[in-house]
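Because the structure is a prediction, the values reported are computed rather than measured.
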Amino acid sequence: MDKIRKSYIYALLAIFFWSTIPTAFKLALSELGVMPMLTIASLTSCLILFIILTTDGKITLLRLSTPRDLLNSAILGLVNPFLYYIILLNAYRLLPAQVAQPLNMIWPIILVFLSVPLLKQKIGLKSFVALFISFAGVYIISSQGKPFHPGNADLKGVLLATGSSFFWAFYFILNMRDRRDEAVKLFLNFLFGSIYLISATAIFGLWPVVVPTGGFIASVYIGLFEMGITFYFWLKALQLAKTTDKVSNLVYLAPFISLIFVHFILHEPVFYTTPAGLLLIISGIFMQNRKFKEL
């Protein structure tokens, strides 16, 4: 099998698993609180990433981490998984899965605007047009099938879902500046994130007396396929691709495929405004794509 075909197989596997995550979030949150659910997922991710490091012979790279590297990972772990997922999962508690997921997708647009103070980049009119188009998509999705009746969606949930994109964009910039191996960085980030989650859960007494089986299984699934092995598939896809652009663009299939799982497993009626808003958000991202690649 040639490299290009392998690249697409890895990419499609990653997209398939990412497409199931909004459904998994809702299933886990139906039985567990945000903090215990996220703690289980993060620890699962740590375990699978450690196995990947061992399998790929990268444990030596882990041992070579300097105090500065560990400090960087401690900061990154605070942003993601700790703050980012706490905000995102609270949005999922308040909104239908089909609404929460696409609202989080505007991070590439936010990334460009954050690059002004953080990377000293300049932005032009195209960026503002792209932002307007994407936020028009946010409004349409938030309307939940009633675009001419503002206020239909939970405002707090909408703010949390869109706000999480700021944290992901900020994390992306910080992570981009760190030149270490991606698998090593991700493992250490989730290791520190797990420490923060365990500490916060213990301090505030958020761990349940009994962990429901269904919630536990869904949380482990999220750790495996949102935060762990799917990352490995995606990284492999990019490494084997002739050019990363074609493979990277496939990721925009995920929110559309996820609607199938949301409808048939969670039994959410799919609002016509969801795919319409998604198309606007993705159009804004593609308009900004050239600037995004320069970052």
Spell out, as yes or no, whether a donor-acceptor pair under 3.5 Å connects the side chain of [X] to the backbone of [Y].
{"X": "Ser199", "Y": "Ile195", "answer": "yes"}
{"X": "Ser134", "Y": "Ile281", "answer": "yes"}
{"X": "Thr201", "Y": "Leu197", "answer": "yes"}
{"X": "Ser143", "Y": "Ile140", "answer": "yes"}
{"X": "Ser45", "Y": "Met227", "answer": "yes"}
{"X": "His263", "Y": "Glu268", "answer": "yes"}
{"X": "Ser7", "Y": "Lys3", "answer": "no"}
{"X": "Lys185", "Y": "Asp178", "answer": "yes"}

Just checking, is any N or O donor in the side chain of Ser165 or Asn104 under 3.5 Å from an acceptor N or O on the other one?
->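 Distance-only check fails for Ser165 and Asn104.
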Regarding Ser258 and Gln101, is there a side-chain donor-to-acceptor distance under 3.5 Å anywhere?
->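 Their side chains do contain a donor-acceptor pair, which is all the 3.5 Å distance test asks for.
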Run the ring-centre check on Tyr171 versus Trp168 and record whether the distance is less than 6.0 Å.
-> yes
By side-chain contact (heavy atoms from CB on, under 4.5 Å), Phe233 pairs with (sequence neighbours left out) Tyr10, Leu13, Ala14, Phe17, Ile229
Listed by chain and number, what are the side-chain contact (heavy atoms from CB on, under 4.5 Å) partners of Leu29, not counting sequence neighbours?
-> Val34, Met37, Leu89, Tyr92, Arg93
Are [X] and [Y] side-chain neighbours, meaning at least one heavy-atom pair lies under 4.5 Å?
{"X": "Glu226", "Y": "Phe25", "value": "yes"}
{"X": "Leu250", "Y": "Tyr8", "value": "yes"}
{"X": "Pro22", "Y": "Gln98", "value": "no"}
{"X": "Leu78", "Y": "Phe192", "value": "no"}

With sequence neighbours excluded, residues passing ring-ring contact (aromatic ring centres under 6.0 Å, His included) with Tyr221 =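 In terms of ring-ring contact (aromatic ring centres under 6.0 Å, His included), with neighbours along the sequence ignored, Tyr221 is linked to Phe225.
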Given side chain to side chain contact (heavy atoms under 4.5 Å, CB included), test Arg180 with Leu61 step by step and report yes or no.
-> CA-CA 9 Å; Arg180 287 176 292 162; Leu61 295 178; over 6 Å; no
